[in-house]
Amino acid sequence: MRRGISVAAVVGVLALTATACGGDGGDGGDGAKAASDPGSVSGTVTWWDTSDATNEAPAFKKLVTAFEAKYPKIKVDYVNVPFDQAQQKFKTAASTGKGAPDVLRSDVGWTPGFAQLGYLKDLTGTPALDKPDDFLEGPLKNAAYQGKTYGVPQVTDTLGLLYNKDLFQKAGIDKPPANWQEVKDAAQKIKDRTGTGGIGLSPDSYYSLPFLYGENSDMVDVANKKITIADGASLKGIETAVDLVKSGAAPKPAGTDGYNALKTDFKNGKLAMLIDGPWATKEIFGGDAFKSKENLGISPIPAGSTGTAGAPVGGHNLVVYAGSKNFDASYLFVKFMTDTAQEEAASTAVGVLPTRKSAYTKDVLADPVRKAYYEALGKAHARPAIPQGGDLFTDWLQQYTKILTLKEEPKEGLDATAKAWQSALLKDYEIQK
């Protein structure tokens, strides 16, 4: 259980502070050498890449090769770390001072927490954060904590409603559903007329957020220090998701690896709709149902009973470990991986969304998938900018999976989540009913 900073973490923070102040062999972390004479910088940079090993990582490996060609004195030790293991693995390595990477691809929700613990280098004013005015406002905010920038935005994303145009046409549906009731109705028509399943709802807690936003709620109210996951509005939102499962509009997801199973069914034409982000499209286009890319439709997240619709702003930052032995090389690597050319290359290769305004070139926006998600970003909801933001999903994941697989009543799971957060993560917050 996480009850604040452990003794090991405190020791780690003190050790990192000493390291960052100059105990690293002369590289004090100001980036002067990287800025003035980048060609002379040498050494090894260990990078933990948390991208999907099959669909995204190969593109990022190519960029690593390009970086090493540009800076032949710097070697990148590339390590692909499964996303669901990376947060705790980095915490353990950073708190003990053993085995942490120089650079981590951090989820935006993890960044404030790592910064609060002292595990990250402040990148404000360093060569790593090049041309900050060129970054989209949302992603740049997601890289900051208490007025300092601890990450450089690499990719951003949000969620949308993906649908199979051919199945919609066969079912006589001429436009994508605009709210959850229309989703339910469309799913029934599709099932009756084609025998295909309706909509895939991932049991991952991140995918619960559109149901909360649709009732004008959220996990927490930071300004008023209230836990809102169990209030009436949130309950209504989650009951909407459960109703889709109970009605048969959505198949009951598997408790283990439910997300990937649903994605496989959608790409092979066994489901007509799926809630997902741009990162999933490359795999989807490899399925039998989408050999013609034009068959994939993307529309905004359906609205809840309030008429409000919204999806979370997601994405990843490249962060630098405060105990790195080679800040200059790490800064150059982060700068390279997040410059316009590399962001455009990654976007066109695997469909991820750039964080730089200048990377939204004609080639990037010519793709209907990227264009659809780019437009959706303008209406997306920022996630709570608190150190505990990433950890909130851990307890909620357990409960939401039980709820969506019909093993637990929504109210029971929401109440349990709120109490767990107040006990371990948000002790100074009130639970709003």
I would like to know whether L104 and L318 meet side chain to side chain contact (heavy atoms under 4.5 Å, CB included); could you show each step before the answer? CA-CA 6 Å; L104 169 73; L318 293 186; over 6 Å; no

Please tell me whether D49 and S51 have a donor and an acceptor in their side chains that are separated by less than 3.5 angstrom. yes

Less than 6.0 angstrom from the centroid, inside 45 degrees of the normal: does K91 satisfy that with respect to the ring of W110? no

Using the ring of each side chain (for Trp, its six-membered ring), is Y145 parallel, tilted or perpendicular to Y150, with breaks at 30° and 60°? tilted

Would a line drawn from the ring center of Y321 to the ring center of Y119 be shorter than 6.0 Å? no

Sequence neighbours excluded, the answer for side chain to side chain donor-acceptor pair (under 3.5 Å) partners of K170 is D166

I'd like to know whether N216 forms a side chain to side chain donor-acceptor pair (under 3.5 Å) with T308, so could you lay out the CA-CA distance, the side-chain angles of the two residues, the decisive distance to 0.1 Å, and finally the verdict. CA-CA 7 Å; N216 290 324; T308 301; 2.9 Å; yes

Closest non-hydrogen atoms of I403 and E409, given as atom of the first, atom of the second and distance, are CG1-O, 4.1 Å

For Q154 and T355, run side chain to side chain contact (heavy atoms under 4.5 Å, CB included): C-alpha distance rounded to whole Å, both residues' side-chain angles, the deciding distance at 0.1 Å, then the answer. CA-CA 6 Å; Q154 184 196 24; T355 57; 5.7 Å; no

Testing S202, P253, P410 for side-chain contact (heavy atoms from CB on, under 4.5 Å) with L404, which one passes? P253

Look at the rings of F393 and Y206 and say which category their plane angle falls in: under 30° parallel, 30 to 60° tilted, over 60° perpendicular. tilted

I would like to know whether T361 and D363 meet side chain to side chain donor-acceptor pair (under 3.5 Å); could you show each step before the answer? CA-CA 5 Å; T361 61; D363 287 342; 5.1 Å; no

To the nearest 0.5 Å, what is the distance between CD on Q422 and OG1 on T417? 13.0 Å

Less than 4.0 angstrom from a charged side-chain N to a carboxylate O is my criterion; do E283 and K263 meet it? yes

Mind checking whether F266 and F290 have parallel, tilted or perpendicular rings, split at 30° and 60°? tilted

Salt bridge (charged side-chain N to carboxylate O under 4.0 Å, His left out) for K433 and D415? Distances and angles first, verdict last. CA-CA 9 Å; K433 293 294 186 179; D415 285 343; 3.1 Å; yes

With a 4.0 Å cut-off, would you call R356 and D134 a salt bridge? yes

Counterpart residues, ring pair (Phe, Tyr, Trp, His ring centres under 6.0 Å), relative to W47 (two or more places apart): Y78, F333

Taking every heavy atom of G269 against every heavy atom of A289, the minimum-distance pair comes out as N-CB, 3.5 Å

Under-4.0 Å salt bridge between D276 and K267: no

What's the shortest heavy-atom distance between A230 and A418, and which atoms? CB-CB, 4.0 Å

Is Q388 reaching over with its side chain to a backbone N or O of L425, donor-acceptor style, under 3.5 angstrom? yes

Which of these, F83, W279, W48, F60, sits in a ring-ring contact (aromatic ring centres under 6.0 Å, His included) with H316? F83

Using a 3.5 Å distance criterion without hydrogens, assess whether the side chain of E215 forms a donor-acceptor pair with backbone atoms of S305. yes

Stepwise side chain to side chain contact (heavy atoms under 4.5 Å, CB included) test for T111 and N142: CA-CA 8 Å; T111 303; N142 282 340; over 6 Å; no

